[in-house]
Amino acid sequence: MSPAEDLRPADTQPAPGDAPPQRPAARAAFVHRAGLDRLSGVYALAALVLLYGLWVPDTFLTTTTLRTVSANQSVTAIVAMALILPVAAGLFDLSVAATLGVGAVLTVQLQADGRSLGITLVLVLLTGLGVGVVNSALVVGVGVDSFIATLGTSSLLSAFAYWITEGNQVILPPGSRLTSFGQGTLLGVPTPVWYVVAAGLILFYVTELTTAGRYAYAVGGNKEAARLIGVRVGRVSVWALLASSLMATVAGVVLAAELGATDPNVGPPYLLPAFSAVLLGATQVKTNGRVNVLGTLLAVALLGTGIYGLQLAGAPTYVSDLFNGAALIIAVSLALLAHRRTRR
């Protein structure tokens, strides 16, 4: 008992049978009103902007920073959104980064070989769908765990990227129309950002406003219960994996258009940032720990701003891996806590 409680009159002392003070309930109400349970990423982003604004104001507080962060994180955002449907359905697609890499190198290689832009895009997108078909056959048809199946597919795709490029860097031919889709601006905003907006709107519609999206969340929440109410679990898993591979391939095309060159190692570095963003995003906007588009985009902005600010401050090159790894651990921990709170 604290000294303050000892000094209270006897008639105000809590009786042994009295209910404890409702401090947890009051704290929970405050957290909800302040949005800390669903918009903590906004507060963290604002804190980072304030921190870097005071630390490196001359280089951080500029429009160049905004354009650079948004352009640099566009591909990461598309890959992270590619993971939303599989994760919502309870699957792990570890092949998205390798699929991105194959999409990028195949796009540049076909352009370098003189193929038209239309034929190039069709072949690349068909390749992405082919990856989704293989993943679906392994996971749904054979019954291999999605973690193992897509990890194996990722290794095969990495070998395929090396075979296409013979281990060398491939550069777009001069005057390629593809670069105009990745290096231009529209209304002062880098073109890749508009691709993120388009992909986000489509995915938001699918996940939040369609029956297919609700089925994906139902399968991820409880597969057996979803099957009992008539959801075709296998079909939902198939289209989730197909959509993931297709969107990852689109990210590869955007990356190729943005860089104008690529190599067989371009894809794997996107795996950790994408998973960090989608899992951290599951703790944002929605209070039930559910992966969602808006939360994922908020997480991408938060991670991108944090890393770019540290780079401007002179941090070593490994800071991005350090930042993304820490974010992944924090995201998974927060998601588990949110899930336990929801169950209670």
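Note that the coordinates shown come from a computational prediction; the quantities given were computed from them, not determined experimentally.
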Is Ser155 reaching over with its side chain to a backbone N or O of Leu151, donor-acceptor style, under 3.5 angstrom? no
Taking Ala82's backbone N and O only, do any of them form a donor-acceptor pair with Ser244's side chain (distance below 3.5 Å, no angle check)? yes
Is it possible for you to say whether Ile84 and Tyr195 belong to one hydrophobic cluster, with membership spreading through side-chain heavy-atom contacts below 4.5 Å? yes
Using modelled atom types only, decide if a donor and an acceptor are shared between the side chain of Ser146 and the backbone of Leu91 within a distance under 3.5 Å. no
Taking the side chain as everything from C-beta on, heavy atoms only, tell me whether Leu94 gets closer than 4.5 Å to Phe275. yes
Do Leu85 and Leu203 have side-chain heavy atoms sitting under 4.5 Å apart? yes
Could you please spell out the steps behind the side-chain contact (heavy atoms from CB on, under 4.5 Å) verdict for Tyr205 and Leu201? CA-CA 6 Å; Tyr205 174 77; Leu201 289 175; over 6 Å; no
Cluster question for you: counting only ILVMFWY and a side-chain heavy-atom cut-off of under 4.5 Å, with indirect links fine, are Phe323 and Leu45 together? yes
Does Thr249 form a side-chain contact (heavy atoms from CB on, under 4.5 Å) with Val102? I'd like the steps, not just the answer. CA-CA 8 Å; Thr249 310; Val102 167; over 6 Å; no
Stepwise side-chain contact (heavy atoms from CB on, under 4.5 Å) check, Phe60 with Thr305: CA-CA 10 Å; Phe60 184 78; Thr305 302; 3.9 Å; yes
Atom CD in Gln73, atom CG in Leu297: separation rounded to 0.5 Å? 11.5 Å
Of all heavy-atom pairs between Ala104 and Val266, which one has the smallest distance, and what is that distance? CB-CG1, 4.2 Å
Can you tell me how far apart CG (Leu328) and CG (Asp321) are? Round to the nearest 0.5 Å. 12.0 Å
Using a 3.5 Å distance criterion without hydrogens, assess whether the side chain of Trp55 forms a donor-acceptor pair with backbone atoms of Ala313. no
Do the side chains of Tyr52 and Thr65 get nearer than 4.5 Å, heavy atoms only? no
Heavy atoms of other groups near Phe92 CZ, more than 12 under 6.0 Å: no
Under 3.5 Å side-chain donor-acceptor pair for Ser176 and Thr179: no
Under 3.5 Å, is there a donor on one side chain and an acceptor on the other for Ser95 and Asn135? yes
Taking Val133 as the starting point, is it possible to reach Leu246 by hopping between hydrophobic residues whose side chains are less than 4.5 Å apart? no
Strictly distance-based, threshold 3.5 Å: is any side-chain N or O of Gln284 a donor or acceptor partner for the main-chain N or O of Ser40? yes
Output the distance between atom CG (Asn265) and atom OG (Ser158), rounded to the nearest 0.5 Å. 8.5 Å
Can you find a heavy atom in the side chain of Phe160 that is under 4.5 Å from one in the side chain of Ile164? yes
Is the closest side-chain donor-acceptor distance between Thr262 and Gln169 under 3.5 Å? no
If you define the side chain from C-beta out and look only at heavy atoms, does anything of Leu255 sit under 4.5 Å from Tyr270? yes
Nearest-0.5 Å distance that lies between atom NZ in Lys223 and atom OG in Ser237: 5.5 Å
Between Thr185 and Gly188, is there a donor-acceptor pair closer than 3.5 Å when you use the side chain of the first and the backbone of the second? no
Here the gap from Leu39 atom CG to Thr283 atom OG1, rounded to the nearest 0.5 Å, amounts to 10.5 Å
Minimum heavy-atom distance Ala256-Leu172, with the two atoms named: O-CD1, 3.8 Å
Can you see which heavy atom on Val105 is nearest to which on Asp263, and at what distance? CG1-O, 3.4 Å
With side chains defined as the heavy atoms from C-beta onward, is the minimum distance between Tyr217 and Glu208 less than 4.5 Å? yes
Nearest non-hydrogen partners of Ala77 and Val196, listed with the distance: CB-CG1, 3.9 Å
Per side-chain hydrogen bond (donor to acceptor under 3.5 Å, both in side chains), Thr120 is matched among Gln111, Arg115, Gln109, Arg177 by Gln111
In one Ile/Leu/Val/Met/Phe/Trp/Tyr side-chain cluster, 4.5 Å: Val87, Val206: yes
Taking every heavy atom of Ala80 against every heavy atom of Ala277, the minimum-distance pair comes out as CB-CB, 4.0 Å
Look at atom CG of Leu61 and say whether more than 12 heavy atoms of other residues, nucleotides or ligands are closer to it than 6.0 Å. yes
Cluster link Leu123 to Val254, ILVMFWY, side chain under 4.5 Å: yes
Which is it for Val140 and Arg235 under the side-chain contact (heavy atoms from CB on, under 4.5 Å) test, yes or no, and what are the steps along the way? CA-CA 8 Å; Val140 179; Arg235 178 176 295 182; over 6 Å; no
Does some side-chain heavy atom of Thr99 sit less than 4.5 Å from a side-chain heavy atom of Leu157? yes
Heavy-atom side-chain contact between Ile119 and Leu110 under 4.5 Å: no
Atom CG of Leu294 and atom OG1 of Thr207: how far apart are they, to the nearest 0.5 Å? 8.5 Å
Between Asn292 and Arg290 (side chain of the first, backbone of the second, donor and acceptor by atom type, cut-off under 3.5 Å), is there such a pair? yes
For the side chain of Ser245 and the backbone of Leu242, is there at least one donor-acceptor N/O pair under 3.5 Å apart? no
Can you give me the closest heavy-atom contact between Leu100 and Gly267, atom names plus distance? CD2-CA, 3.9 Å
Expected output: side-chain Thr68 to main-chain Thr64 donor-acceptor under 3.5 Å: yes
